[in-house]
Amino acid sequence: MKKMLIIIITWLLTIATTQAQSGLSVSPLFEGKIIPTQRMVETRVKGKMLTKYQLTLFRSVRFKANNKQEINRVHDMIEQDKKKNPGITYTENYSSEKSRSKETLMLQLPKQGNQNRFLCYKRNNEDVTVIYMEGTLNSLDTLRELIK
């Protein structure tokens with residue numbers, strides 16, 4: 001009985017966090033459709049642990065890209081989310097315009113209900129991290145200060 005309850009709760013949490021990214025081009029990455037889940041390290045945090053950061057959801061995936069196509073595909077998905085939402089606040093940082101072996105992109109997405117949403121992409125050579133966050137945190141500047 002306990003085992004069945006745990007399975008149901010896990011399933012409900014999975015559905016809730018999957019719906020958070022719905023509508024984003026990067027959603028398939030979090031679902032394991034772009035990079036197989038066995039190659040990714042996924043972190044999901046929800047609840048009281050995040051309240052001091054003014055967040056209600058933190059979800060990240062991290063992986064080592066096997067080739068340039070994987071890097072380009074994920075980067076293009078992030079860029080699509082940026083272009084789909086003109087007027088959003090974002091910051092970009094590249095090691096150099098030519099190589100872009102190290103890059104960071106942070107987007108403040110349109111609100112969903114009363115939740116502010118953020119999408120962060122960080123690449124250091126073949127190491128790629130994508131983070132999705134929701135909460136009452138109100139700006140990229142505040143977020144940047146939190147993750148320093």
Side-chain angles (χ1 to χ4, degrees), residues 1-85 88-93 100-148:
M1 185 65 181
K2 275 187 176 181
K3 194 174 190 179
M4 183 59 116
L5 185 60
I6 290 171
I7 290 170
I8 291 171
I9 290 171
T10 304
W11 179 73
L12 288 172
L13 286 173
T14 301
I15 289 173
T17 55
T18 301
Q19 288 180 346
Q21 294 89 238
S22 66
L24 296 178
S25 298
V26 78
S27 290
L29 177 67
F30 286 96
E31 297 165 9
K33 295 178 180 175
I34 306 302
I35 305 296
T37 53
Q38 57 269 32
R39 286 188 38 220
M40 293 192 299
V41 175
E42 181 178 13
T43 303
R44 290 184 205 193
V45 182
K46 192 173 184 171
K48 290 185 179 182
M49 291 183 67
L50 295 171
T51 54
K52 72 177 180 178
Y53 303 108
Q54 300 173 36
L55 295 172
T56 54
L57 173 66
F58 175 96
R59 187 171 183 195
S60 73
V61 290
R62 183 173 37 97
F63 64 94
K64 188 175 285 288
N66 285 339
N67 53 52
K68 189 74 170 160
Q69 288 80 14
E70 288 181 346
I71 293 170
N72 290 339
R73 185 154 185 210
V74 173
H75 184 269
D76 290 347
M77 292 164 67
I78 301 290
E79 286 293 327
Q80 285 174 3
D81 283 327
K82 185 172 106 178
K83 289 176 185 167
K84 273 198 297 190
N85 298 290
I88 62 170
T89 305
Y90 68 91
T91 62
E92 295 177 292
N93 187 8
R100 291 191 174 194
S101 61
K102 295 181 182 182
E103 59 183 320
T104 303
L105 179 62
M106 297 173 72
L107 308 173
Q108 183 169 357
L109 301 165
K111 276 185 158 185
Q112 192 170 43
N114 64 346
Q115 298 291 303
N116 290 312
R117 305 181 312 147
F118 302 91
L119 185 62
C120 303
Y121 166 80
K122 184 171 183 167
R123 181 170 73 91
N124 186 357
N125 297 312
E126 67 276 349
D127 296 323
V128 177
T129 303
V130 178
I131 303 169
Y132 175 84
M133 293 169 278
E134 284 183 355
T136 58
L137 186 72
N138 59 8
S139 74
L140 278 179
D141 293 332
T142 309
L143 179 62
R144 218 175 294 114
E145 289 299 314
L146 285 175
I147 61 177
K148 272 188 178 178

Side-chain contact test, heavy atoms from C-beta onward, threshold under 4.5 Å: evaluate it for [X] versus [Y] and give yes or no.
X	Y	result
M77	P28	yes
L24	L109	yes
M133	C120	yes
F118	Y132	no
V128	K122	no
M40	E42	no
V74	L29	yes
T104	Y121	no

Walk me through whether R59 and F30 qualify under side chain to side chain contact (heavy atoms under 4.5 Å, CB included). CA-CA 9 Å; R59 187 171 183 195; F30 286 96; 3.8 Å; yes

Determine, for [X] against [Y], whether the closest basic-nitrogen to carboxylate-oxygen distance falls under 4.0 angstrom.
X	Y	value
R39	E70	yes
K84	D81	yes
E134	R117	no

How close do [X] and [Y] get, counting heavy atoms only, and between which atoms?
X	Y	answer
Q80	S25	OE1-OG, 3.2 Å
L50	V45	CD1-O, 3.2 Å
L105	E79	CD2-OE2, 3.8 Å

For the pair Q108 (side chain) and N138 (backbone), establish whether a donor and an acceptor sit closer than 3.5 Å, ignoring hydrogens and angles. yes

Quick check against the 3.5 Å criterion: does R62 have a side-chain atom that pairs as donor or acceptor with the backbone of I131? no

Between K46 and T56, a side-chain donor and acceptor under 3.5 Å: no

Evaluate the criterion side chain to side chain contact (heavy atoms under 4.5 Å, CB included) for residue pair V130 and I78; output intermediate values, then yes/no. CA-CA 9 Å; V130 178; I78 301 290; 4.1 Å; yes

How many angstroms lie between CD in Q69 and CG in D76, if you round to the nearest 0.5 Å? 11.5 Å

If I take atom CG from residue L55 and atom CE from residue M49, how far apart are they, to the nearest 0.5 angstrom? 12.0 Å

Hey, mind stepping through M106 and L119 against side chain to side chain contact (heavy atoms under 4.5 Å, CB included) and telling me if it holds? CA-CA 6 Å; M106 297 173 72; L119 185 62; over 6 Å; no

